[in-house]
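Encoded as structure tokens, the structure appears first; notes follow it.
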Amino acid sequence: MAKDLLPDKTTQPAEWYTRVIQLADLADYGPVKGTMIIKPYGYAIWERVQAAMDPMIKQMGVGNAYFPLFIPMSYLEREKSHVEGFAPELAVVTHGGGEKLEESLAVRPTSETIMYAAFSNWIQSWRDLPLAINQWCNVVRWEKRTLPFLRTSEFLWQEGHTAHQTHEEAIQMQQGAMGMYATIYHDFFALDGYIGQKSTSERFAGADDTLTFEMMMPSGKALQSCTSHDLGQNFAKTFDIKFQAPDRTEAYVWQTSWGLSTRSIGGLIMAHGDANGLVLPPQLAPIEIVIVPVQPDENILEYGRKLEIQLADAGRRVFFDTRDDERFGYKLNKWEVKGVPVIIKLGAKEVEEQKATLKRRDTGGEKVASQAELNGHIEALLQDIQRSLLAKSQALRNENTREAANYDDFKAILKEHKGFVKVFWNDNPEAEAKIKAATKATSRCKVASGQQGTDFFTGEPATDVWLFAQSY
RNA sequence: CGGGGUGUGGCGCAGUUGGCUAGCGCGCAGCGUUCGGGACGCUGAGGUCGGAGGUUCAAGUCCUCUCACCCCGACCA
């Protein structure tokens, strides 16, 4: 086992995390603070995410486009709360071609403003709606404290931006996007969390309403894993995005925006990783199966090549590790740290019996399959790994969700366990600031409303149920 | 931005009250022996000590300035 190579995950989570990223060859640090070089193995995971999500985005009627990296400062300044939210973390270009620029340019922290200035020109009639654009790109937010994938100064994401005739249609889009994200997290990342609304102080700068997907990490901290915003008509009014309706009246559009970033990979590493390194869900694994020969023996190699072809023909992402300068044990550890879901061990025994020994990464369990049954076994095994990783994630979430009736309970739970604390609460920024100062926890999302209860902080009647947690 | 810490081959580190040619482990290259859970031997390549200035016969080591990075907080997908 590779245990010795890694710091302990529970007692040294930060060291474990950064070390796994290095050992699994996912990423390296860039020369500028907070930047990272995503290496081919790490980027391949992102490509799997893109391959899964891009068709879903298109299915929602959203087309891919590309908008410029540079945004005139005046654009950002048009929407007041938007610029207030992003100003502290902007990277600004002041010089170009050796000369000081007339107007400084922000490196996009998100693309609402530059897109909506264009939307304003593109939208005249109700026939131009809905307008639905997505872009896969990088954005820059000058973060004070950074960690690879989880919080980097530059990160990759997709951002969807839509404009609609009615508020109902916009809300449907907002919810549709969040539904897609939930599917991606469930079915591909094998991660579960809670979907809900953000509080006044946590919502996106410029949005009327923000939906979020909040996941629990093994450390007891929550990770905001993606968001989907109902922008109302805030940007429509500042960017003058109007259309003429069939009844000849003029109206502002209703807008949404939604994004999922490479932070998701950070969540994946934290949530599924173990003492031996990365554990990848098969759906996102660049390599699903690696075949490792016990010895560089020609009979074994020949048999391995046969299995490799057999699996590749069945559509599996398989890699046959034929390096002859690394020994068997070394290779096993190498691939385990990299989180490959299934390792096939091949030795003289397997060749003779025309079998294969399959070892699953998540549990470490082994079984033997004949060559004839191999494809079926692999298929079932990959599905089972995917399923049980999701179940594990759900169990972690459930075990770390506790209810508190009052502020004392609340503080006691956070102190003892961290995790999510479920409470009745009336959304109130001042109260939230006080709670945060005292406990480091903030509201993560509202998960229910229309119930009967008592605000855990003020003791007043409340109808909304919220989750609080410390967050990454 | 506040508190703490670290800068010496690719990585991890040692280097004493200043003293000779700056070491060790891992990794890397070549050759050989090995090969069912991180093998071993031999040979070899690779650093001018974060940077600048200073003290001294002599600086990795002392002084001044400076830069970078890491960890802990406040800000955040």
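It should be emphasised that the depicted structure is a prediction, and the values quoted were computed from it without experimental measurement. Per chain, numbering begins at 1; letters A, B, ... match sequence-line order.
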Regarding A:K334, tell me which of base, sugar-phosphate or nothing describes its non-hydrogen contacts under 4.0 Å with the strands shown. nothing

Can you tell me the Watson-Crick or wobble partner of B:rG12, both distances under 3.5 angstrom? B:rC24

Given A:R108, which of A:L76, A:I114, A:N138 fulfils the side chain to side chain contact (heavy atoms under 4.5 Å, CB included) condition? A:N138

d(CD, A:E202; C1', B:rC76) in whole Å: 10 Å

What contact category does A:E143 fall into here, base, sugar-phosphate, or nothing, at under 4.0 angstrom with non-hydrogen atoms? base

Go ahead and name the base partner of B:rG7; Watson-Crick or wobble counts if both distances stay under 3.5 Å, otherwise write none. B:rC67

Using a 5.5 Å cut-off between ring centres and planes within 30 degrees, is A:F155 stacked on the base of B:rA77? yes

C1'-based separation of B:rG53 from B:rC67 [nearest Å]: 14 Å

Using the P atom in both, what is the distance from B:rA68 to B:rC26, to the nearest Å? 35 Å

Can you tell me, in whole Å, how much space there is between the P of B:rA45 and that of B:rA52? 28 Å

Name the pairing partner of B:rA29, where a pair is Watson-Crick or G-U wobble with both distances under 3.5 Å, or state none. B:rU43

Determine whether A:N400 and A:H417 satisfy the following criterion, side chain to side chain donor-acceptor pair (under 3.5 Å), listing intermediate values before the conclusion. CA-CA 8 Å; A:N400 283 285; A:H417 309 283; over 6 Å; no

Atom pair distance, as rounded to whole Å: CZ in A:R151 and P in B:rC70: 13 Å

Identity of whatever pairs with B:rU55 - Watson-Crick or G-U, under 3.5 angstrom: none

A:Q470 CD to B:rC75 P, in whole Å, measures 13 Å

Expressed in angstrom and rounded to an integer, what is the separation of A:Q295 atom CD from B:rG36 atom C1'? 8 Å

Between CZ of A:R19 and P of B:rC71 the distance, given in whole Å, is 14 Å

Output the rounded distance in Å from CD (A:E84) to P (B:rC75). 16 Å

Residue matched to B:rU34 through Watson-Crick or wobble contacts both under 3.5 angstrom: none

On RNA chain B, more 5' by nearest nucleotide between A:S471 and A:L346 is A:L346

Using atom C1' in both nucleotides, what's the gap between B:rC28 and B:rG46 to the nearest angstrom? 9 Å

Assign A:K331 to base, sugar-phosphate, or nothing according to its heavy-atom contacts below 4.0 angstrom with the strands shown. nothing

Taking the side chain as every heavy atom from C-beta outward, state whether A:D28 and A:Q22 have any pair of such atoms under 4.5 Å apart. yes

Spacing of the C1' atoms in B:rC63 and B:rU56 (rounded, Å): 12 Å

Whom does B:rC1 pair with, Watson-Crick or G-U wobble, provided both distances fall under 3.5 Å? B:rG73

In terms of side-chain heavy atoms of A:R327, which of B:rA77, B:rC75, B:rC35 is nearest? B:rC35

Under 4.0 Å between any heavy atoms, over every strand shown, what does A:E350 touch: base, sugar-phosphate, or nothing? Just pick one. base

Within this structure, what is the NZ-to-C1' distance between A:K436 and B:rC76, rounded to whole angstrom? 9 Å

Taking B:rG25 as the reference, what is the distance to B:rC1 when you measure between their P atoms (whole Å, please)? 43 Å

Would you please test A:K355 and A:E350 for salt bridge (Lys or Arg N to Asp or Glu O under 4.0 Å) and show each step? CA-CA 5 Å; A:K355 289 184 174 169; A:E350 281 80 1; over 6 Å; no

Identify whether any heavy atom of A:G259 sits under 4.0 Å from a base atom; if not, whether one sits that close to sugar-phosphate; answer base, sugar-phosphate or nothing. nothing

Among B:rA77, B:rG36, B:rG73, which nucleotide sits nearest the side chain of A:K440? B:rG73

When the P atoms of B:rG50 and B:rC75 are considered, how many whole Å apart are they? 36 Å

For A:F420, which of A:Y194, A:F468, A:F410 qualifies under ring-ring contact (aromatic ring centres under 6.0 Å, His included)? A:Y194

If every non-hydrogen atom of A:T152 is compared with every non-hydrogen atom of A:F149, which pair is closest and at what distance? CG2-N, 3.7 Å

Under 4.0 angstrom, heavy atoms only, what part of the nucleic acid is A:T152 near: base, sugar-phosphate, or nothing? base

Ranking A:G34 and A:S225 by the position along RNA chain B of their nearest nucleotide, the one closer to 5' is A:G34

Tell me the closest heavy-atom pair linking A:A132 and A:T162, and the distance in Å. CB-CG2, 3.7 Å

Taking N and O atoms by type only, does the side chain of A:E336 place a donor or acceptor under 3.5 Å from a partner on the base of B:rG37? yes

Can you tell me the distance, in whole Å, between the CG atom of A:D325 and the P atom of B:rG27? 12 Å

Locate the shortest heavy-atom distance separating A:H229 from A:F204; write the atom from each residue and the value. CE1-CB, 3.0 Å

Rounding to the closest angstrom, what is the interatomic distance between B:rG54 and B:rA59 at atom C1'? 11 Å

base_contact_polar (B:rC76 base, A:R141 side chain, donor-acceptor, <3.5 Å): no

